[in-house]
Visitor: 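I'd like to ask you about the structure that follows.
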Amino acid sequence: MFVRAYLRASTKEQHATRAKTQLEAFAAEKGLKIAAFYVENESGASLQRPALFELIEDASKGDILLIEQVDRLSRLNEADWEALKAKLGEKQIKVVALDLPTSWMMTATDETTARMFAAINDMMLDMLAAISRKDYTDRRKRAAQGVEKAKAAGKYKGRAEDTERNALVRR
């Protein structure tokens, strides 16, 4: 069993590796060693995440996918979340999130305890993935409302012109 850590941020301006020390500390506390880190700056609302799918491809049956929070793994709509769960399920990859204590029981040794924690953890993952998606859509809705209000007040300027990019295109 290998532990594979996944670090994600939504934009290039954000630091996807900011939670790396937290993941390392958690692994050390649990007596685990992280075999590899998979880092990317992609939206959690999209399944187009090369590093995540590289992790899944590299994983063996029973490996652990370690994340800081469930929203680092998913802000997906229901259909995409089900597709991602199916990919993880094919390899029996166990998702362990620092914000989901039920997922920490990945080392349960007896079958009954392991099955109970797996059922609880699957339910909690589904709930947190749904909450993460709701948070994503709510934030987008609030941002759009703010833009509309600023436009109505004549205060909306839009995105600043990327003069460097434009000059490069002209050249």
Side-chain angles (χ1 to χ4, degrees), residues 1-140:
M1 168 183 71
F2 287 108
V3 176
R4 300 174 186 282
Y6 179 65
L7 298 161
R8 182 193 66 76
S10 298
T11 68
K12 302 280 186 235
E13 293 78 30
Q14 295 173 327
H15 300 285
T17 58
R18 71 165 176 73
K20 185 175 182 182
T21 56
Q22 286 177 278
L23 296 180
E24 290 170 329
F26 174 84
E29 179 185 311
K30 300 293 181 191
L32 302 169
K33 182 167 176 21
I34 297 173
F37 285 90
Y38 298 77
V39 181
E40 67 188 341
N41 289 80
E42 299 289 344
S43 172
S46 169
L47 264 181
Q48 305 307 310
R49 290 190 268 157
L52 176 59
F53 283 93
E54 179 184 353
L55 181 154
I56 294 169
E57 183 64 31
D58 291 349
S60 297
K61 181 180 176 182
D63 280 0
I64 292 172
L65 188 166
L66 181 62
I67 51 177
E68 174 199 14
Q69 294 180 309
V70 174
D71 71 355
R72 300 298 84 204
L73 181 61
S74 176
R75 289 186 183 271
L76 299 167
N77 62 41
E78 185 178 4
D80 288 345
W81 171 240
E82 292 299 327
L84 178 57
K85 280 194 333 184
K87 292 293 271 180
L88 295 170
E90 286 172 16
K91 289 201 170 177
Q92 298 177 6
I93 296 170
K94 299 172 187 168
V95 176
V96 175
L98 303 189
D99 69 338
L100 184 57
T102 57
S103 69
W104 304 352
M105 310 307 168
M106 69 281 188
T107 56
T109 52
D110 71 277
E111 181 184 351
T112 303
T113 303
R115 285 181 62 197
M116 286 190 310
F117 277 122
I120 292 167
N121 194 54
D122 288 348
M123 178 192 67
M124 294 299 293
L125 274 171
D126 283 343
M127 284 182 14
L128 288 173
I131 291 167
S132 294
R133 178 63 181 192
K134 181 184 183 321
D135 176 62
Y136 171 79
T137 56
D138 287 350
R139 283 186 298 112
R140 292 179 63 89

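Only a predicted model underlies this, so the values are computations on that prediction, with no experimental measurement involved.
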Visitor: Measure the CG-CD1 distance between D135 and I131 for me, rounded to the nearest 0.5 Å.
Guide: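 One finds 9.5 Å between CG of D135 and CD1 of I131.
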Visitor: Working to the nearest 0.5 angstrom, can you tell me the gap between R72 CZ and D99 CG?
Guide: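 It comes to 10.0 Å.
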Visitor: If you look at every heavy atom in A45 and R133, which pair is closest and at what distance?
Guide: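 Looking at all heavy atoms of both residues, the closest pair is CB-NH1, 3.6 Å.
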Visitor: Where is the tightest heavy-atom contact between V95 and N121, given as atom of each residue plus distance?
Guide: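 Minimum heavy-atom contact is O-ND2, 3.5 Å.
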Visitor: Are any of the side-chain heavy atoms of W81 and L84 separated by less than 4.5 Å?
Guide: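 Answer yes - side chains close enough.
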Visitor: In Å, rounded to the nearest 0.5 Å, how long is the span from CG of L125 to CG of L100?
Guide: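 Those atoms lie 5.5 Å apart.
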Visitor: For E78, what residues pass the side chain to side chain donor-acceptor pair (under 3.5 Å) criterion, not counting sequence neighbours?
Guide: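 Once residues adjacent in sequence are excluded, E78 has no partner under the side chain to side chain donor-acceptor pair (under 3.5 Å) criterion.
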Visitor: Out of curiosity, S103 OG to I67 CD1, how far, rounded to the nearest 0.5 Å?
Guide: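 Rounded to the nearest 0.5 Å, the OG-CD1 separation comes to 7.5 Å.
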Visitor: State whether the side chain of W104 and the backbone N or O of A97 hold a donor-acceptor pair below 3.5 Å, judged by distance alone.
Guide: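 Side chain of W104 to backbone of A97: a pair is present.
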Visitor: Looking at L47 and A83, what are the two nearest heavy atoms and their distance?
Guide: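 In this case the closest contact between L47 and A83 is CD1-CB, 4.2 Å.
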Visitor: Could K85 and D122 be called an ion pair, given the rule that one side-chain N must be under 4.0 Å from one carboxylate O?
Guide: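 Salt bridge absent between K85 and D122.
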Visitor: Could you check whether any side-chain N or O of T137 sits under 3.5 Å from a backbone N or O of K134, counting only pairs where one atom can act as donor and the other as acceptor?
Guide: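 Pair found, side chain donor or acceptor close to backbone of K134.
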Visitor: Check whether more than 12 heavy atoms from other residues, nucleotides or ligands sit under 6.0 Å from atom CZ of R139, and answer yes or no.
Guide: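 Atom CZ in R139 is packed in, count exceeds 12.
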Visitor: Between atom CZ of R8 and atom CG of N41, what is the distance when rounded to the nearest 0.5 Å?
Guide: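 It comes to 9.0 Å.
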Visitor: My understanding is that only one of I56, L52, D58 makes a side-chain contact (heavy atoms from CB on, under 4.5 Å) with Y38; could you say which?
Guide: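 Result for side-chain contact (heavy atoms from CB on, under 4.5 Å) with Y38: D58.
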Visitor: Of all the heavy-atom pairs spanning A16 and L7, show the shortest one and how long it is.
Guide: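 That would be O-CB, 3.2 Å.
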Visitor: Please tell me if the side chains of E40 and P50 come closer than 4.5 Å, counting only heavy atoms from C-beta onward.
Guide: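 Yes; the side chains approach each other to less than 4.5 Å.
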Visitor: If you count the non-hydrogen atoms of other residues, nucleotides and ligands that lie under 6.0 Å from CZ in F2, is the total more than 12?
Guide: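 No, not enclosed.
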Visitor: Stepwise, does the side chain to side chain contact (heavy atoms under 4.5 Å, CB included) test hold for F37 with E24?
Guide: CA-CA 10 Å; F37 285 90; E24 290 170 329; 3.7 Å; yes
Visitor: Under a 3.5 Å distance rule, please check whether K87 uses its side chain to pair with a backbone N or O of E57 as donor and acceptor.
Guide: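 Checked: no pair found.
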Visitor: From L55 CG over to L65 CG, what is the distance, rounded to the nearest 0.5 angstrom?
Guide: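 These two atoms lie 4.5 Å from each other.
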Visitor: Taking all heavy atoms of T102 and all of M124, pick out the closest pair and write down the distance.
Guide: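 Scanning both residues, the minimum pair turns out to be OG1-CG, 4.0 Å.
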Visitor: By the definition side-chain contact (heavy atoms from CB on, under 4.5 Å), identify the one residue from R49, E54, E68 that meets it with Y6.
Guide: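 Answer after filtering R49, E54, E68: R49.
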Visitor: Just wondering, do N77 and Y136 contact through their side chains at under 4.5 Å, heavy atoms?
Guide: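 When only atoms from C-beta onward are counted, N77 and Y136 do not touch, as no gap falls below 4.5 Å.
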Visitor: Ignoring hydrogens and angles, tell me if any N or O in the side chain of D63 forms a donor-acceptor pair with the backbone of I93 under 3.5 Å.
Guide: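 Flag not set: sc D63 to bb I93 has no pair under 3.5 Å.
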